[in-house]
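Reckoned from all heavy atoms, side chains included, excluding hydrogens, waters and symmetry mates. In the text below, chain A, chain B and the rest are named by the order of the sequence lines, each starting its count at 1. This is a predicted model, so every value here is computed, not measured.
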Protein chains: 2
Amino acid sequence: MTATVRRLRDLMASLPAQELPPLPEELVCSLEVSIAPDARLSIAEVAELTGVSAHALRYYERIGLVEVGRDSAGHRQYDRDALARVVFVTRLRLSDMPIQAITRYVELVRQGPATEPERLALLRSHRAAVLRRLQDLRTALAVIDYKIATYGGACAP
Amino acid sequence: MTATVRRLRDLMASLPAQELPPLPEELVCSLEVSIAPDARLSIAEVAELTGVSAHALRYYERIGLVEVGRDSAGHRQYDRDALARVVFVTRLRLSDMPIQAITRYVELVRQGPATEPERLALLRSHRAAVLRRLQDLRTALAVIDYKIATYGGACAP
DNA sequence: GGTTGCGTTTGAGCGCGCTCAAAGTCCTAC
DNA sequence: GTAGGACTTTGAGCGCGCTCAAACGCAACC
């Protein structure tokens with residue numbers, strides 16, 4: 001494991017530890033900042049760093065989610081931008097945003113600043129979906145808690 | 001639409017409107033209570049009532065999630081227990097509990113009260129999974145909110 | 001007595017998001 | 001120079017949770 005990977009992985013590990021109330025604010029960007037602009041990572045390093053399998057990383061590239069350069073041997077070289085993209089994608093995936101929507105978003109980004117309104121709309125609509133999901137989960141949690149609390153009670157199944 | 005279906009659907013509709021803090025407590029059981037013990041519903045009625053497609057209802061029966069009787073014509077007749085089971089299953093599904101785990105749970109229920117500890121363990125472990133999912137979603141929401149708030153900022157992609 | 005409509009069964013198919021297998025390339029170490 | 005290992009590509013396969021198609025049954029209505 002390279003020093004870069006070690007450093008970044010520690011950083012990654014610290015990120016999800018966020019407690020609910022505070023917005024991560026600067027931390028959202030911190031990963032991209034912390035890697036040198038000219039650093040190049042192999043697919044294995046990115047996999048280890050992000051927790052995304054090499055298979056999945058190749059898949060992401062295939063479907064156009066991220067563009068990755070090659071070295072002289074034809075091996076993938078993830079630069080800072082590519083890594084940031086992967087991290088961003090995994091974060092959206094974490095919230096169950098469909099790959100298709102992420103692809104659309106990324107496509108809009110490539111088309112330049114003119115598409116910002118549509119990107120914003122996409123994010124907002126996804127945000128609403130996340131809120132619905134949160135609500136569903138909270139309701140389900142209540143049902144489960146009820147079930148646990150009243151175990152052996154009259155309530156079916 | 002029968003009167004029973006109308007009444008039950010109104011009841012269903014009122015259930016998910018729960019705000020987060022209060023536990024649904026009695027409401028969890030209310031659906032089962034409100035249908036007459038001798039009522040029998042067709043698959044179409046149950047589908048309309050629960051929002052689960054007839055296709056999915058047949059699938060649930062096939063994989064052993066619910067047992068449903070037949071009338072003289074061989075058509076499914078959902079009784080109170082079967083309906084309660086369907087509702088319970090949809091609630092667990094809503095929290096992304098894998099069908100396999102639900103099947104296991106239902107199997108344990110069929111085996112009698114001796115399996116209550118294992119059932120409880122299953123629920124508790126699923127509860128933990130739901131909590132993790134909630135945390136993930138909240139983190140993702142923060143990222144999305146950040147992205148929306150700082151749109152056009154320096155943060156990639 | 002034919003048509004309409006809701007139901008039945010079995011088994012295949014699908015969309016998603018990967019995951020893996022096969023066959024090959026390139027670099028390094030012995 | 002050859003073995004190993006990490007990588008490459010292409011295309012197929014998989015697990016999940018349904019979803020649908022085909023062929024049929026029954027019952028009611030015109």
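- Not a single salt bridge (charged side-chain N to carboxylate O under 4.0 Å, His left out) links B/R93 to another residue, sequence neighbours left out.
- In this structure, a donor-acceptor pair under 3.5 Å is present between the side chains of A/H126 and A/S95.
- Looking at residues 92-100 of chain A, you'll see A/R93, A/P98, A/I99, A/Q100 sit with a heavy atom under 4.0 Å from some atom of DNA chain C.
- Linking Ile, Leu, Val, Met, Phe, Trp and Tyr whenever their side-chain heavy atoms come within less than 4.5 Å puts A/V109 and A/V66 in one cluster.
- When hydrophobic clusters are built by joining Ile, Leu, Val, Met, Phe, Trp and Tyr residues whose side-chain heavy atoms come closer than 4.5 Å, directly or via intermediates, B/V52 is grouped together with B/Y59.
- Of the residues in residues 61-68 of chain A, those placing a heavy atom less than 4.0 Å from an atom of DNA chain C are A/R62, in numerical order.
- B/T103 contributes atom OG1, which lies 11.0 Å from atom CG of B/L108 (distance to the nearest 0.5 angstrom).
- Chain A approaches DNA chain C over the interval C/dC16 to C/dC26, counting the first and last nucleotide 5' to 3' with an atom under 4.0 Å from its heavy atoms.
- Per the geometry, CG belonging to A/L41 stands 12 Å off P belonging to D/dC7, to the nearest Å.
- For the pair A/I43 and A/R76, the tightest heavy-atom approach, listed with the atom from each and the gap, is CD1-CD, 4.0 Å.
- Separation of atoms CD (B/E118) and CD (B/E116) is listed at 12.0 Å; rounding is to 0.5 Å.
- Under the 4.5 Å side-chain heavy-atom criterion for ILVMFWY residues, a single connected hydrophobic cluster contains both A/I63 and A/L83.
- Clustering ILVMFWY residues whenever any of their side-chain heavy atoms sit less than 4.5 angstrom apart, transitively, puts A/M97 in the very cluster that holds A/I99.
- In the region residues 69-79 of chain A, proximity to DNA chain D at under 4.0 angstrom, judged on heavy atoms, holds for A/R70, A/G74, A/H75, A/R76.
- Across all strands, A/A44 comes closer than 4.0 Å only to sugar-phosphate atoms, never to a base (heavy-atom distances).
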Working for salt bridge (charged side-chain N to carboxylate O under 4.0 Å, His left out), residues B/R58 and B/E61:
CA-CA 5 Å; B/R58 291 191 199 101; B/E61 185 180 350; over 6 Å; no
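- Here D/dT9 presents its P atom at 13 Å from CG of A/L57, a figure rounded to the nearest Å.
- Contacts of B/E67 classified as side-chain contact (heavy atoms from CB on, under 4.5 Å), with partners at least two apart in sequence or in another chain: B/R110.
- Under the 4.5 Å side-chain contact rule for hydrophobic residues, A/L134 and A/L92 share a cluster.
- In this structure the side chain of A/R119 reaches within 4.5 angstrom of the side chain of A/Y105, judged on heavy atoms.
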